[in-house]
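Comments concern the structure below.
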Amino acid sequence: MTGRTAGARRVAAALAAGALALSPAVPPDVVPAAAARGEPPVPREFTELRAVDPTILQEMRYATEHTFVGGPVDGYREPVCLLTRPAARALHRAQTRLLRRGHSLKVYDCYRPQRAVDHFVRWAKDPADERMKAEFHPRVDKSRLFADGYVAERSGHSRGSTVDVTLVRLPAAPTRPYVPGEPLVDCAAPREERFPDNSVDMGTGFDCFDTLSHTDDPRVRGAARANRDLLRGVLAAEGFVNLPEEWWHFTYEPEEFPDTYFDFPVEALRWRPAPGSAP
């Protein structure tokens, strides 16, 4: 039996078992186009979330101007969610349950390259840059960001199984574009006052550097408490573990790459034949 025949039979067996049912198989003799440009290669264990579940809403904030650093973050070339395949499939299962309840997941961030984390660190070490303080950290001085755990030199997002996610009530209303320079509103202000997001009320906005963002903060009550509990409960049932300091932050376990921090850019996975491969 040739190696090519054996490989074909393994793929056929996996398809028959449903192991590859939620994402297209990647031919064994292709490489990401990014690698051809000298970028780190994308592991075959990664996929675009949209390829697994196109119904999950995406608002990839770090590819936009509306971020706590005041603009797009290094490494975010396109607004796409990349994840390890097990994490993406688990989100799909959670989405299926939520759709029956009239809700949808919405992701703000997924895989995050190390160069983006380095951008956060440079920003945190620059005390003069407080362009976005009034919205994202009005009560926290930048000198406290490392000590309080809001910024770190490594992020679980870089391992590919962590998402920043919220809930949206269906039918989803549009979120208006952020206009650079517009007046900023405290991320912990009442929902009707802060930047309009089509997310349900979670007690704070996304990326709010404030103790009110702690998932179980006792000051969060009523609808916001119920929404946090719903999000956490549905995701926990599919293997996601919440970071207690951030209601939006969840990691799928067991992680595919528990000790690896990747640095390939965030962009659509465009594949092309590897050099020297058969046409």
Side-chain angles (χ1 to χ4, degrees), residues 59-76 81 106-166 178 180 184-191 193-195 197 199 201-220 224-225 227-228 231-232 235 240-252 255 261-263 266:
E59 186 184 331
M60 301 296 292
R61 284 282 186 91
Y62 296 147
T64 76
E65 298 287 340
H66 193 201
T67 69
F68 63 84
V69 301
V73 178
D74 291 355
Y76 286 82
C81 171
K106 181 175 80 169
V107 293
Y108 292 114
D109 193 35
C110 302
Y111 159 73
R112 180 185 305 166
Q114 181 61 43
R115 69 192 76 180
V117 180
D118 295 342
H119 189 169
F120 293 167
V121 170
R122 291 195 305 274
W123 168 83
K125 291 181 178 179
D126 180 5
D129 185 354
E130 294 198 327
R131 287 172 291 167
M132 305 300 285
K133 178 178 175 62
E135 177 174 355
F136 293 99
H137 58 110
R139 284 166 294 281
V140 179
D141 189 88
K142 288 185 75 172
S143 65
R144 295 291 310 167
L145 292 179
F146 287 100
D148 291 349
Y150 294 114
V151 177
E153 296 187 355
R154 295 279 191 177
S155 170
H157 281 273
S158 301
R159 301 193 295 263
S161 295
T162 294
V163 291
D164 291 338
V165 62
T166 188
Y178 167 78
L184 301 177
V185 178
D186 184 347
C187 58
R191 182 173 183 266
E193 297 177 17
R194 59 183 184 259
F195 182 82
D197 185 329
S199 170
D201 187 10
M202 288 291 189
T204 75
F206 167 59
D207 262 354
C208 189
F209 297 167
D210 192 283
T211 55
L212 200 64
S213 294
H214 292 188
T215 308
D216 289 319
D217 189 291
R219 294 170 293 174
V220 178
R225 165 57 50 204
N227 291 332
R228 289 189 185 189
L231 177 65
R232 178 170 53 180
L235 289 178
F240 286 92
V241 177
N242 175 242
L243 179 69
E245 290 77 19
E246 298 176 351
W247 60 257
W248 57 82
H249 182 119
F250 291 85
T251 298
Y252 178 75
E255 292 187 66
Y261 297 84
F262 295 100
D263 192 39
V266 175

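Only this structure's heavy atoms are used, side chains among them; waters, hydrogens and symmetry mates stay out.
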Between atom [atom1] of [X] and atom [atom2] of [Y], what is the distance when rounded to the nearest 0.5 Å?
X: Met132; Y: Leu184; atom1: CE; atom2: CG; answer: 5.0 Å
X: Cys208; Y: Trp247; atom1: SG; atom2: CH2; answer: 9.5 Å
X: Glu245; Y: Thr215; atom1: CD; atom2: OG1; answer: 8.0 Å
X: Gln114; Y: Tyr261; atom1: CD; atom2: OH; answer: 8.5 Å
X: Thr204; Y: Arg219; atom1: OG1; atom2: CZ; answer: 10.5 Å

Pairing residues for Thr251 by the side-chain contact (heavy atoms from CB on, under 4.5 Å) criterion, not counting sequence neighbours = Thr162, His249, Glu253, Glu255

Across all chains, not counting sequence neighbours, the side-chain contact (heavy atoms from CB on, under 4.5 Å) partners of Arg131 are Asp129

Please confirm whether His137 and Tyr150 have ring centers closer than 6.0 angstrom.
-> no

Would you find a donor on one side and an acceptor on the other, under 3.5 Å apart, between the side chain of [X] and the backbone of [Y]?
X: Asp201; Y: Ala224; answer: no
X: Asn227; Y: Met202; answer: no
X: Arg194; Y: Asp186; answer: no
X: Lys142; Y: Trp123; answer: yes
X: Arg115; Y: Asp263; answer: yes
X: Arg191; Y: Ser199; answer: yes
X: Asn242; Y: Glu246; answer: yes

Who are the ring pair (Phe, Tyr, Trp, His ring centres under 6.0 Å) partners of [X], not counting sequence neighbours?
X: Phe250; value: none
X: Tyr76; value: Tyr62
X: Phe146; value: none

From the list Tyr108, Phe206, Phe136, ring-ring contact (aromatic ring centres under 6.0 Å, His included) with His66 holds only for Phe136

Take Thr166 and Glu59 through the test side-chain contact (heavy atoms from CB on, under 4.5 Å) and record every step on the way to the result.
-> CA-CA 10 Å; Thr166 188; Glu59 186 184 331; over 6 Å; no

Just do the side-chain contact (heavy atoms from CB on, under 4.5 Å) check on Lys106 and Asp197 with the steps written out, would you?
-> CA-CA 11 Å; Lys106 181 175 80 169; Asp197 185 329; 2.6 Å; yes

Take Val140 and Asp210 through the test side-chain contact (heavy atoms from CB on, under 4.5 Å) and record every step on the way to the result.
-> CA-CA 7 Å; Val140 179; Asp210 192 283; 5.6 Å; no

Do other residues, nucleotides or ligands put more than 12 heavy atoms under 6.0 Å from Glu153 CD?
-> no

Could you check whether the rings of Phe262 and Tyr111 sit parallel, tilted or perpendicular, using 30° and 60° as the cut-offs?
-> perpendicular

The salt bridge (charged side-chain N to carboxylate O under 4.0 Å, His left out) partners of Asp207 (sequence neighbours excluded) come to none

Assess whether side-chain contact (heavy atoms from CB on, under 4.5 Å) is satisfied between Cys187 and Phe209, documenting all intermediate values.
-> CA-CA 8 Å; Cys187 58; Phe209 297 167; over 6 Å; no

